[in-house]
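For reference, the structure discussed in these notes is given below.
Order of the sequence lines fixes the chain letters, A, B, ..., with proteins taken first and strands second; residue numbering starts at 1 for each chain.
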Amino acid sequence: MSTQRSRTGKADDRLVLMQGTLDVLILRTLLFGAEHGQGIARAIQQTSDGELLVDHGALYPALQRLEEKKLISAAWGTSANNRRARYYTLTKAGRAHLARQSSRWRRLAAAMARVLGPEPELGS
Amino acid sequence: MTWRRRPDDDFAAEVQAHLALEIDRLVADGVSPDEAGAAARRAFGNATRAREDFHERSRWVWLEQLAQDLRYASRGLRASPAFLATTVVTLAVGLSLLTVAFTVFNAYVLRPFAVADATRLYRLAWRAPNAVGTGFSWKDYDELNGRTELFDAAIGQDMRFVTSESRTLLVSAVSPNYFTTLRPRMRLGRFLTPADEGQRVAVLGQQAWSRLYASDPAVLGRTLDLDGRAATIVGVVDESFGGLDEFPRDAWVPVDRAEGRPTEVVARLRRDVSPAQASIRLADFMARQAPPGTAERDVRAVLVPSGTANPVSVELLAVLSPVFAAFALVLAAACFNVSNVMLARALARQREIAVRLSLGASRARIVRQLLTEGLLIASLAGGLALVLAAWVVRAAVVVMFSTLPPLMASLLRVAPMRFDWRVFTFAFALGAAATLVFGLVPALQASRQPLTDALRAQRTGRASGSRLRNALVVAQVAVSIVLVVLAAVLSRNFAAMVKLNLGYSTGNVYSLNIRGVEHEMVRPVAAALAAHPRIASVAITNGNPMFVTRTAAMAPQGRGAAVNTIYSFVSPEFFPMLRMPITRGRAFRPDEATTSARVAIVSEATARAFWPGADPIGQVIVFTRPQGPVRDDDDLDGYSQVTVVGTVPDVVSGIMFEGPDRAHIYLPATAADRHAIAMLITPRAASDFRPDMLRETFRRLGQDPDRFEIMSLEEMRQLQIYPMRAASWVGALLGGIALVLSVTGLYGVLSYTLAQRTREIGIRMALGATASAVVALVMRQSVRMAAIGAAIGLTLSFAALKTLASVVELRQVRLLDPVSFAAAILVVAAATSLAAYYPSRRAARIDPAETLRAEA
């Protein structure tokens with residue numbers, strides 16, 4: 001997956017996305033209304049304070065997958081600055097899926113935090 | 001439903017839109033337009049890659065790619081016909097052998113009889129603690145047929161051998177509803193119907209029709225001789241139907257109930273009744289069938305599935321799995337061989353593959369492409385295998401009939417071996433499985449090459465590639481060892497069986513059995529035969545050796561427990577006729593025979609078992625009989641003890657595989673005795689005796705000559721050996737093929753590594769290595785592989801035979817035979833040295849100067 005490759009080649013401190021994570025992020029972004037691919041990519045970068053690493057190109061297979069599963073629907077439209085763009089909208093099934101997945105992720109994150117405990121003092 | 005969700009250019013437009021929006025955004029953030037374009041593309045990643053990914057995710061791309069792969073593979077294969085021919089033929093041989101085995105299995109086990117609703121047919125039987133039965137009276141049959149709450153219908157069938165113009169036919173006498181219930185396809189004419197009851201009519205089997213009447217379409221209305229009585233032929237069944245048994249029937253006739261013979265009953269269960277339910281509801285009925293005195297709760301009704309000749313069962317599969325395993329091993333050897341060739345080819349194509357990988361082909365795609373090539377080879381081989389298999393089946397039937405003793409050949413019928421969809425499915429699945437076995441490893445291996453090395457044309461793949469190739473050769477040697485051991489074991493057992501000392505001579509002795517014998521018949525017949533000019537002597541028995549053995553529980557008086565002992569009533573002529581010497585004591589005196597004296601002659605094995613170390617003469621044997629009523633077949637009624645007067649050598653009187661009888665006693669009798677039911681006759685020396693010369697004698701006695709079955713004991717012996725003979729041929733065939741495969745495999749690998757090591761060997765020779773040192777180098781490699789393979793193979797065959805030996809309870813069959821193992825090692829060692837000889841000679845002839853120049 002291109003999301004797992006470091007863009008610069010040297011060690012990158014930013015988080016590499018796990019399979020399935022991107023789907024949730026996309027659905028979450030679309031919760032606020034229809035958006036096109038570039039908008040989604042930007043939104044994810046901004047809301048995660050640049051912590052999450054997303055190749056814009058890697059977004060499209062995920063969009064494709066979600067569209068096939070009928071979690072989002074797509075239609076060509078016109079952007080604010082008058083460019084043609086393909087807009088994605090959350091479907092009812094997508095909304096339900098997001099609700100389920102968010103609670104799963106929160107539980108997982110909380111559990112991981114409990115297991116790992118406070119930041120340990122590492123030797124180095 | 002659209003077969004592709006979005007056209008590719010729609011996606012491309014979206015990507016363009018994305019980049020445009022990103023540039024707008026960057027420009028709005030203050031980046032210069034030039035830089036913005038590059039930055040947007042950088043943020044996007046590989047746009048071409050994204051478009052390709054999109055394309056490849058669409059549902060039908062695999063089909064497009066498959067077509068591409070097939071085109072590419074067939075082009076590649078056409079370019080190397082030698083490779084194609086080797087692999088296809090090797091694989092076809094392996095596939096066809098297993099297909100042949102499966103075809104036979106299908107014909108006898110899997111394929112349902114070509115009758116209506118074959119899957120609901122069950123043969124009815126009862127089982128008591130020490131008796132089982134499938135024979136019912138016709139009155140009972142009527143009762144079963146009337147159980148409409150259980151059965152749609154029940155048919156009765158009674159099989160018998162019938163003589164027709166001095167040929168033996170296998171005939172079923174059937175209930176009136178037989179044909180109307182089974183509804184087989186007819187080739188000519190009509191079914192037998194209820195209206196035919198009591199009529200002299202017959203329906204012919206397809207094989208009998210072609211054998212007896214040369215498939216004459218005008219056969220209807222002609223008469224068929226059945227035991228001297230004419231029956232009118234009213235129909236011929238289709239080839240697909242031969243009855244409800246393993247052996248196709250020659251003819252069907254309406255039953256004559258007045259004969260009073262028992263019948264088998266096959267019932268078609270109602271759809272709403274399970275076999276278990278029927279079994280419970282038949283319990284009362286079956287309890288009445290069991291021998292008197294058997295407790296009712298001990299008798300169970302048994303419903304045996306009869307939709308195929310042999311219902312599939314765990315026991316059957318357990319018996320057949322070693323056979324299939326042997327055939328499968330040959331296929332495995334063929335796969336290893338082809339795998340090796342493919343691996344060599346893949347390594348030779350290393351550069352091409354590396355180029356394709358570096359041009360962006362995914363590893364999965366390369367693997368798929370190589371597998372497609374394998375699949376193409378497998379399909380060609382599969383097609384060829386079906387042709388080969390059809391030919392082998394036909395040839396095997398011909399060989400079998402021409403090598404069987406004529407006696408058996410005239411009685412044996414073979415089920416039609418058709419290639420139905422099951423065989424095709426099997427062959428297809430086998431081919432696909434073989435492809436995975438021989439194609440996957442080379443494909444994975446080839447796609448894993450480090451790109452840079454391959455592009456630089458370095459032979460760095462040698463280490464791992466040749467390790468794999470060596471492993472494959474080792475596996476081939478192991479398989480061939482297993483099969484050669486098997487072949488050796490089988491042929492050694494066959495040889496032992498041929499040489500097995502029966503304890504009597506079968507030469508120039510004929511057995512005479514009488515169908516439906518009554519012992520009153522025996523005396524006049526024996527007298528007439530003794531007076532016949534061509535007959536030297538006649539002996540009387542209660543069952544001839546190799547035909548019948550009867551046993552009863554007996555114990556040496558005063559010692560030990562009762563042992564199941566074979567007993568034979570014989571007239572005094574018996575021992576000299578079969579050239580059985582009296583080793584101790586004396587033979588029967590004529591007066592002992594006429595008075596049924598309570599004396600016995602025992603085999604030496606009996607003497608050893610009953611009175612170890614003591615003189616058996618004068619000892620007494622006590623007959624112990626189970627409590628309860630006398631059984632019909634118990635003809636020792638009236639005997640309680642006998643005194644031993646002599647001994648004869650160990651004898652093999654029953655099945656030869658079981659070896660010498662553990663205990664066998666002979667009791668005196670004459671033709672007048674009620675035990676006299678069979679005869680042995682010896683023709684005069686130098687007379688050209690033929691059994692049919694006696695027909696006139698029987699006729700003069702007012703007897704139907706067709707009731708007398710005369711067979712030579714020697715022929716019977718041959719017949720008993722035959723299965724072992726056939727097994728040893730099959731074993732030799734499998735072993736031979738496996739050996740050839742492993743020799744060619746080893747040869748291939750040695751030649752290949754030699755080609756790769758030419759330079760190294762050249763350098764060695766330039767530095768002073770002698771030709772013999774180079775030969776030793778190559779030989780060492782082959783010996784190492786052969787030794788490892790042999791070790792694995794020997795371990796495997798030892799384990800397999802040990803398991804088998806614990807299951808096979810035939811005393812005369814030796815499975816763990818050290819000589820066979822030694823022979824297999826020798827054969828495989830010789831074969832592998834032969835395979836290594838030419839490559840090593842070639843290595844020795846390498847010209848150091850030339851190789852060094854060539855590589856410089």
Side-chain angles (χ1 to χ4, degrees), chain A residues 1-9 12 14 16-17 19 22 26 29 34-46 48 50 52-89, chain B residues 1-31 33 35-62 357-358 360-365 451-452:
Chain A
M1 276 256 110
S2 45
T3 44
Q4 289 167 355
R5 223 187 295 134
S6 163
R7 237 181 311 181
T8 50
D12 194 323
R14 286 187 295 175
V16 168
L17 287 179
Q19 180 83 31
L22 191 56
I26 292 171
T29 310
E35 187 56 274
H36 48 68
Q38 187 260 349
I40 297 172
R42 278 273 164 173
I44 291 174
Q45 241 160 23
Q46 275 162 16
S48 70
L52 294 177
L53 168 71
V54 181
D55 257 1
H56 293 187
L59 206 59
Y60 285 92
L63 286 169
Q64 212 60 51
R65 200 163 50 235
L66 291 171
E67 198 181 335
E68 265 167 40
K69 286 197 225 155
K70 303 217 180 335
L71 297 178
I72 56 176
S73 61
W76 284 95
T78 315
S79 75
N81 50 0
N82 225 11
R83 283 200 185 273
R84 248 169 69 79
R86 204 156 182 267
Y87 277 86
Y88 294 91
T89 326
Chain B
M1 184 99 178
T2 50
W3 59 269
R4 183 181 284 177
R5 307 133 304 172
R6 281 172 70 191
D8 289 351
D9 49 5
D10 187 79
F11 182 73
E14 187 177 4
V15 173
Q16 282 313 312
H18 178 108
L19 292 174
L21 284 162
E22 181 75 10
I23 291 169
D24 287 352
R25 180 64 194 262
L26 289 168
V27 170
D29 285 351
V31 181
E35 266 174 56
R41 273 192 296 279
R42 204 161 50 239
F44 193 89
N46 187 338
T48 315
R49 178 67 173 263
R51 275 203 302 276
E52 277 172 1
D53 282 352
F54 175 80
H55 177 72
E56 293 193 355
R57 277 176 53 79
S58 79
R59 262 164 258 176
W60 293 88
V61 163
W62 66 267
L357 278 174
S358 61
S362 70
R363 293 228 147 114
R365 187 70 203 284
L451 273 187
T452 45

Checklist entry - Pick from A/E67, A/R84, A/R42: which one has the most heavy-atom pairs with chain B under 4.5 Å? => result A/R42

Next on the checklist: Please classify the contact between A/R83 and chain B as side chain, backbone, both or neither, with a heavy-atom cut-off of under 4.5 Å.
Outcome noted: side chain

Checklist entry - Checking B/A13 against chain A: side chain, backbone, both or neither under 4.5 Å from a heavy atom? => result both

Checklist outcome for this item: For B/R41, the side-chain contact (heavy atoms from CB on, under 4.5 Å) test, sequence neighbours excluded, returns B/L19

Checklist entry - Under the side-chain contact (heavy atoms from CB on, under 4.5 Å) criterion, do B/I23 and B/V31 qualify, and how do the steps go? => result CA-CA 9 Å; B/I23 291 169; B/V31 181; over 6 Å; no

Checklist entry - Centroid-to-centroid, B/H18 to B/F44, below 6.0 Å? => result yes

Checklist entry - Going by an N to O cut-off under 4.0 Å, is there a salt bridge joining A/E35 and A/R86? => result no

